[in-house]
Amino acid sequence: MEQRLDPLSEAFEAFTSSLAGILGIGRLEAERLTVKPPREEYGDLGFPLMRYARRLGLDPGEVAARVSRKLEAAGVSWARVEAVGGFLNLRLDAPAAAERVFRLLEGGWAPRPPGTPEPRVVVVEHTSANPIHPLHMGHARNSALGDALARLLEARGHRVNRRFYVNDAGLQAAYVVLGFKLLGLDPREAAGRAGLKPDELVGWVYAATHTLIDAEKVRRSGAPPGELEELAASLARLREREPLPGLFDRLLEAISSMEDPEGEVAGVLRDVEFRREPTASLARRVAEAALEGIRETLARFGVSFDAWDWETDLLWSGRVARILEEARRSRYYTRHKGAEALDIPRIVRELVLPDPEARRRIRLPRGFEVPPLILVRSDGTTLYTTRDIAYTLYKYEAAGADEVINVVGAEQRLPQLQLRLALLGLGYRREALNLTHYDYEMVNLPGRRMRSRRGILVTLDEVLDEAKARAVEEVRARNPGAPREWVEEVAEKIAVGAVRFALVRTSAPRPITFDFDKVLDLRENSGPYLQYTYARTVGILAKHGPIDYRAADPGECGEPQRRGLLVESLRTGLVAAKAADDLAPEDLATHLLGLADRFNSWYQMESVIHDPSEASRECKAALVELVKRALEVGLGLLGIPLTPRM
RNA sequence: GGGCCCGUAGCUCAGCCAGGAUAGAGCGCCGGCCUCCUAAGCCGGUGGUCGGGGGUUCAAAUCCCCCCGGGCCCGCCA
């Protein structure tokens with residue numbers, strides 16, 4: 001299928017490729033250095049020439065002339081190039097560009113990112129919350145980012161495979177399974193009886209079991225006084241919120257009469273890992289129940305997956321055992337603190353330091369001794385990272401992937417680094433070097449610190465419900481007499497848009513303080529603002545009726561505000577492409593806000609449907625259509641729902 | 001003790017990776033705009049020792065070094 005390029009993308013291609021040729025640099029470098037000029041009067045694309053001009057002894061004016069000739073030869077007649085103070089600036093001739101855009105719009109085209117020259121098969125693993133409690137705001141950031149990344153990469157022309165890893169074999173899962181075992185409850189049945197979402201019921205049992213065991217430990221061996229108070233407060237809160245009468249006391253009694261509560265947890269862990277019944281089946285039922293609730297929340301949030309990978313499947317199918325065998329045969333096999341381990345420091349010395357490519361892509365911190373990786377506990381069960389080695393290989397294999405992106409919190413940098421190094425040591429160089437840890441910082445709540453093992457967390461469901469409640473008020477006030485179902489539907493979209501936008505707009509390495517009032521007040525520079533702008537474009541076009549592109553005069557697009565709208569709408573495709581390449585959804589978010597500001601500004605100044613001149617009116621309508629499609633594409637890529645009216 | 005991340009306007013953040021063109025938004029605050037396409041909007045004003053110090057460079061918010069403040073990690077947790 002032939003790719004249809006808009007005038008800006010075509011100019012961008014011709015501009016960067018001719019510069020690459022003239023300066024003797026790579027095409028990619030030329031593309032990277034080409035920026036949006038800081039001031040509109042400079043042009044639509046800018047390139048800093050001074051560093052090359054100086055070195056190559058080139059005269060900027062002459063380079064401009066050469067690039068101009070190249071553009072002409074490439075048939076790009078709607079852009080001109082000039083040298084200004086060491087910069088090479090390209091400026092679209094708005095009327096000529098508009099004429100082409102009108103034809104594209106008529107044919108159903110939208111400003112999507114141009115296809116990548118190097119399509120790959122990419123696995124994006126994200127969210128992967130432990131199946132032991134509801135999704136909280138930290139997971140929500142993971143989902144919002146991971147899903148936006150997947151959408152961007154797909155739009156850029158990669159084949160994307162979205163996977164959720166179900167960590168049902170870890171220590172935390174063992175706590176909740178023990179809780180259900182002691183209570184003799186079936187998770188789904190109990191949730192039904194309590195009238196709760198299954199993940200909420202599971203979350204309560206998890207927090208109660210964990211907290212009671214911690215309290216028991218403290219009671220027996222003593223603990224710092226501060227922690228005692230904290231435990232007592234947590235226990236009181238958990239008791240108060242027990243989902244079914246008597247549950248808390250039953251659990252308390254069972255745990256306080258145990259000889260070695262933590263030993264019991266370890267026992268459950270072994271039973272799950274080695275698939276001993278009935279615990280193994282119970283563990284599955286617990287995880288499945290939690291997952292049912294998690295899936296429901298994710299569906300509401302607009303996030304979907306291609307595959308759900310169970311940690312226990314990796315264990316029970318023998319995949320983890322095979323990796324362990326490989327490790328034992330490896331020259332990097334060692335013992336650390338008496339346990340079976342991989343000699344990571346030696347892998348660094350022998351395989352990373354002498355290998356420049358590995359050095360660059362593994363992202364090894366300077367001067368930091370990475371500790372050995374223990375593979376197996378002394379009771380024979382494996383550790384998370386051991387299973388993750390098997391899982392990573394499985395992801396490559398199952399998807400036929402060239403690249404794997406793990407969306408995982410920044411606090412897991414060390415284990416993710418160890419994972420890459422372990423793969424390298426075991427001979428999986430390609431897999432190690434193409435594994436990206438996309439790390440993001442935490443979501444903080446003002447005044448509160450989330451601790452899911454104590455049941456202190458703000459769930460995504462709660463936040464969405466609150467956002468929706470506020471949106472319902474607003475929508476109702478603005479649309480008196482509107483049917484209730486419609487109000488609900490729109491409010492839900494606004495809620496999802498507000499939360500998702502708040503979570504992708506800030507760059508990942510920056511911690512977010514989730515301020516309810518700011519995110520939910522819906523008036524800030526936010527998702528709903530973009531949704532509102534989109535609804536405006538729809539409203540105008542609905543009143544205007546079908547656009548007569550033949551009657552539209554592209555010459556009307558020369559006026560500065562209109563030409564700005566034209567260029568910035570077109571830029572959406574280029575911005576999305578770069579956001580995909582840089583794994584930076586926030587760049588697209590920033591761009592869309594700028595586009596919306598521009599549109600709203602213009603909207604206030606000029607009327608579309610009341611313009612008496614047909615030539616001018618149709619041109620404006622075409623611009624509105626262009627903005628609408630840009631917002632459609634952009635918001636779609638960020639997973640923000642659209643509503644034609646709000 | 002070591003490693004990593006963050007520090008830009010009163011607040012929330014772009015810009016830093018790939019050094020260059022008068023440091024940008026939004027919120028807040030002050031003052032305006034709805035007989036006219038949705039005022040969840042728009043216009044004008046206010047507001048900055050780019051955490052501090054040194055260095056590299058024709059040029060530093062951006063690169064390097066030191067320091068300060070905050071966060072995370074250094075576990076047979078993940």
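So that the names make sense, note that chain A is the first sequence line, chain B the second, and so on, each numbered from 1. Please read all numbers here as calculations on a predicted model, not as lab measurements. Reckoned from all heavy atoms, side chains included, excluding hydrogens, waters and symmetry mates.
Not counting sequence neighbours, A:Phe12 has no partner by the ring pair (Phe, Tyr, Trp, His ring centres under 6.0 Å) test. With sequence neighbours left out, the side chain to side chain contact (heavy atoms under 4.5 Å, CB included) criterion links A:Leu583 to A:Leu149, A:Leu153, A:Ile405, A:Thr436, A:Tyr438. Judged as a ring pair (Phe, Tyr, Trp, His ring centres under 6.0 Å), and not counting sequence neighbours, the contacts of A:Phe164 are A:Phe305, A:Trp308. Here A:Thr572 pairs with A:His591 under the side chain to side chain donor-acceptor pair (under 3.5 Å) rule; sequence neighbours left out. By the side chain to side chain contact (heavy atoms under 4.5 Å, CB included) test, A:Ala576 is found to be paired with A:Pro113, A:Leu152, A:Leu588, A:Leu637, residues two or more places apart in sequence or in another chain being considered.
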Run the side-chain donor-acceptor check on residues 407-415 of chain A: report pairs under 3.5 Å with partners two or more places apart or on a different chain.
{"from": "A:Arg413", "atom 1": "NE", "to": "A:Asp439", "atom 2": "OD2", "distance (Å)": "2.5"}
{"from": "A:Arg413", "atom 1": "NH2", "to": "A:Asp439", "atom 2": "OD2", "distance (Å)": "2.6"}

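Residue contacts for A:Gln418: at a heavy-atom cut-off of 4.0 Å it reaches no nucleic acid atom on any strand shown. Among the protein residues, A:Thr506 comes within range of the sugar-phosphate backbone only, with heavy atoms under 4.0 Å from sugar or phosphate atoms but none that close to a base.
Taking side-chain N and O atoms only, A:Tyr529 has a distance below 4.0 Å to OP1 or OP2 of B:rC42. Contact annotation: A:Thr381 does not reach the phosphate of B:rC76 (side-chain N/O to OP1 or OP2, under 4.0 Å).
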Could you list all N or O pairs between the protein and nucleotides 54-58 of chain B that sit under 3.5 Å apart?
none

Which protein N or O atoms sit under 3.5 Å from an N or O of nucleotides 32-37 of chain B?
{"from": "B:rC36", "atom 1": "O2'", "to": "A:His610", "atom 2": "ND1", "distance (Å)": "3.3"}
{"from": "B:rC37", "atom 1": "O3'", "to": "A:Lys543", "atom 2": "NZ", "distance (Å)": "3.0"}
{"from": "B:rC37", "atom 1": "O2", "to": "A:Val608", "atom 2": "N", "distance (Å)": "3.2"}
{"from": "B:rC37", "atom 1": "O2", "to": "A:Ile609", "atom 2": "N", "distance (Å)": "3.2"}
{"from": "B:rC37", "atom 1": "N3", "to": "A:Val608", "atom 2": "N", "distance (Å)": "3.1"}
{"from": "B:rC37", "atom 1": "N4", "to": "A:Tyr603", "atom 2": "O", "distance (Å)": "2.3"}
{"from": "B:rC37", "atom 1": "N4", "to": "A:Glu606", "atom 2": "O", "distance (Å)": "2.3"}

When you compare the protein's N or O atoms with those of nucleotides 1-5 of chain B, which come within less than 3.5 Å of each other, and at what distance?
{"from": "B:rC4", "atom 1": "O2'", "to": "A:Arg413", "atom 2": "NH1", "distance (Å)": "2.7"}
{"from": "B:rC5", "atom 1": "O4'", "to": "A:Arg413", "atom 2": "NH1", "distance (Å)": "3.3"}
{"from": "B:rC5", "atom 1": "O2'", "to": "A:Pro509", "atom 2": "O", "distance (Å)": "3.1"}

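Residue pairs satisfying the side chain to side chain donor-acceptor pair (under 3.5 Å) criterion with at least one member in residues 617-627 of chain A, sequence neighbours excluded, are listed as follows: A:His544-A:Glu618, A:Asp611-A:Lys620, A:Glu625-A:Arg629. Among pairs with a residue in residues 52-61 of chain A, those fulfilling side chain to side chain donor-acceptor pair (under 3.5 Å) read A:Glu29-A:Tyr52, at least two apart in sequence or across chains.
The base of B:rU22 sits within donor-acceptor range of the side chain of A:Arg39, with an N or O pair under 3.5 Å.
At least one cation-pi condition fails for A:Arg453 and A:Tyr175: the charged atom is not both under 6.0 angstrom from the six-membered ring centre and inside a 45 degree cone around its axis.
Annotated stems with RNA chain B as a participant read B:1-7 with B:68-74, B:10-13 with B:24-27, B:28-33 with B:41-46, B:51-55 with B:63-67, given as range with range, by first number; only runs of 3 or more Watson-Crick or G-U pairs under 3.5 Å qualify.
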